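Notes to accompany the following structure.
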There are 2 protein chains.
Amino acid sequence: MSGVRAQKKQQTRRAIEEAAVELFSCKGFDATSMEDIAHAAGVGKATIYGYFPAKDDIFLQYCDDRLVIAFNQFKEQHSKEISFVEYLIAFFMIKFVFITENREFGRLLLREMLFPKEPTDKAREHNQRYFDILEGVFCVAEERGEIAPNQDHFTLSGHFFSLYVGLLAGWYSGYFDSLEEVEKSMRTLFHQVCHGIIS
Amino acid sequence: MSGVRAQKKQQTRRAIEEAAVELFSCKGFDATSMEDIAHAAGVGKATIYGYFPAKDDIFLQYCDDRLVIAFNQFKEQHSKEISFVEYLIAFFMIKFVFITENREFGRLLLREMLFPKEPTDKAREHNQRYFDILEGVFCVAEERGEIAPNQDHFTLSGHFFSLYVGLLAGWYSGYFDSLEEVEKSMRTLFHQVCHGIIS
DNA sequence: AAAGAATCTCGAATGCAGTCGAGTTTACCT
DNA sequence: AGGTAAACTCGACTGCATTCGAGATTCTTT
């Protein structure tokens, strides 16, 4: 039975994560010290570093986990019956809402994910989840004749993703007052992609 | 004559900035301590805080200044004779090269500019410089009949800017091996915007 | 020119993220 | 069981950004 230790580890890990998320939500990320977390979780400060490489990672991990859940919920809820643009809007808006739900959390997550100190497999893997989903959307859209054939799906994914990131940057810089405005802009932008701006 | 003090301040400020940039370039941002900078600049550590609110701001300020110079150079060098897409590509590629010249500098600059802790006038002002330039480009393009009339220039600017940001994120996540690849992708994406992906 | 106000300067102190290494617990082997 | 290796834990320590506050310098006023 090599279960005692493993079980305890799980427990400790969860205790740390829960304590951290609770404190971050309550006091804010910067105002929460590792000592606070350690105390709240009932472990020594250094112990935390056996579970998470750095303070950031505690809730980066947490956010990422929650994001996966949101993904899956979305996949269940939304059929691909609607036009692919509407589908994409629903997809990105869910993410948008999720990310901006807590301004500070989202900010840190985005910073880390989009502009990492150096490229990591973790981030790549994270992105791959997007691309896989979008890939599926584009395939269906192509079959239905909604988009021209022979387009590089990776580039397409990148295009929509970029617009999503741009909207987030706009949000964080105060260019939107409400989610409705964001959705409106997203719709405009996505339609630009579809129809072009020339004709 | 209230000049002695003011002059000294200018001198000190420049000494700090120069010492900091020199050290950041040489040793890297994280590896350079405020004490190093203070010592190199010949002032006390605390003095620096009389000139810059935080370590980040020292070279954020510097980067921003240099960026303005790059902007102006660009405006002089490039005529608007070429097609507006080629103009935009030239414009954004210069910025791209500038930003990624020093990976660490660019990363910090982007993080701060795109996802600020809270919206600041400083960032707004920074962005406004873009929009003004792009505005001009779109007006000319419209007159020439290169793009359909009655489009919202702000949204258009946002669109191209988003793609630029997306490419940067791709670069920082290791999806490109060279600037040539970036430019190629940029061209593809910009053409998508022009012609749409439907027809 | 003298004194009082404003500004500038810096070494010392503070607070926090992250590391170290010694001590403790668990797993594995014979 | 008994002993050894591996993994876990934590208080003390390190290094750094940022703040404090007391003293020095410059400006202003009369």
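In what follows, every chain begins at residue 1, and chains take the letters A, B, ... in the order their sequences are listed. Only a predicted model underlies this, so the values are computations on that prediction, with no experimental measurement involved.
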Whole-Å gap separating [atom2] ([N]) and [atom1] ([X]):
X        : N       : atom1 : atom2 : value
Lys9(A)  : dT24(C) : NZ    : C1'   : 16 Å
Phe29(A) : dA17(C) : CZ    : P     : 8 Å
Arg13(B) : dT7(C)  : CZ    : C1'   : 16 Å
Phe24(A) : dC16(C) : CZ    : P     : 13 Å

Quick check on contacts: within residues 31-59 of chain B, what sits under 4.0 Å from DNA chain C by heavy-atom distance?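 Heavy-atom contacts with DNA chain C come from Val43(B), Gly44(B), Lys45(B), Ala46(B), Thr47(B), Tyr51(B).
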Report the C-alpha distance between His159(A) and His159(B) in whole Å, list the side-chain angles of each, state the deciding distance to 0.1 Å, and finish with yes or no for ring pair (Phe, Tyr, Trp, His ring centres under 6.0 Å). CA-CA 10 Å; His159(A) 198 138; His159(B) 197 139; 5.2 Å; yes
Sequence neighbours excluded and cut-off under 3.5 Å, please list the side-chain donor-acceptor pairs for residues 82-99 of chain A, or say none.
unit_1   : atom_1 : unit_2    : atom_2 : d
Ser83(A) : OG     : Glu86(A)  : N      : 3.3
Glu86(A) : OE1    : Arg187(A) : NH2    : 2.8
Glu86(A) : OE2    : Arg187(A) : NE     : 3.3
Glu86(A) : OE2    : Arg187(A) : NH2    : 3.4
Lys95(A) : NZ     : Tyr130(A) : OH     : 2.0

Intermediate values then yes/no, ring pair (Phe, Tyr, Trp, His ring centres under 6.0 Å), Phe29(A) and Phe59(A): CA-CA 9 Å; Phe29(A) 183 76; Phe59(A) 88 88; 5.3 Å; yes
Under the salt bridge (charged side-chain N to carboxylate O under 4.0 Å, His left out) rule, what pairs show up with a residue in residues 56-65 of chain B, not counting sequence neighbours?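 Sorted pair list: Asp64(B)-Arg129(B).
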Summary of salt bridge (charged side-chain N to carboxylate O under 4.0 Å, His left out) pairs that have at least one residue in residues 108-118 of chain A, sequence neighbours excluded: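 Output for this query lists Arg111(A)-Glu112(B), Glu112(A)-Arg111(B), Lys117(A)-Asp30(B).
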Taking only heavy atoms on the protein side, list every residue of residues 114-121 of chain A lying under 4.0 Å from any atom of DNA chain D, sorted numerically.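 Heavy-atom cutoff 4.0 Å gives no residues at all.
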Between side-chain atoms of residues 31-40 of chain B and protein atoms elsewhere (two or more places apart, or another chain), which donor-acceptor pairs fall under 3.5 Å?
unit_1   : atom_1 : unit_2   : atom_2 : d
Thr32(B) : OG1    : Leu23(B) : O      : 3.4
Thr32(B) : OG1    : Gly28(B) : O      : 2.7
Ser33(B) : OG     : Glu35(B) : N      : 3.3
Ser33(B) : OG     : Asp36(B) : N      : 3.1
Ser33(B) : OG     : Asp36(B) : OD1    : 3.4
Ser33(B) : OG     : Asp36(B) : OD2    : 3.3
Asp36(B) : OD2    : Lys27(B) : NZ     : 2.9
Asp36(B) : OD2    : Ser33(B) : N      : 3.1

OP1 or OP2 of dT26(C) less than 4.0 angstrom from a side-chain nitrogen or oxygen of Lys8(A), does that happen here?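 True: Lys8(A) side-chain N/O within range (under 4.0 Å) of dT26(C) OP1/OP2.
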Go through Gln128(A) and Asp132(A) one step at a time and tell me if the side chain to side chain contact (heavy atoms under 4.5 Å, CB included) criterion holds. CA-CA 6 Å; Gln128(A) 196 54 49; Asp132(A) 288 346; 3.1 Å; yes
Do Phe52(A) and Glu17(A) come within less than 4.5 Å of each other through their side chains, counting heavy atoms only?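 Side-chain contact under 4.5 Å: yes.
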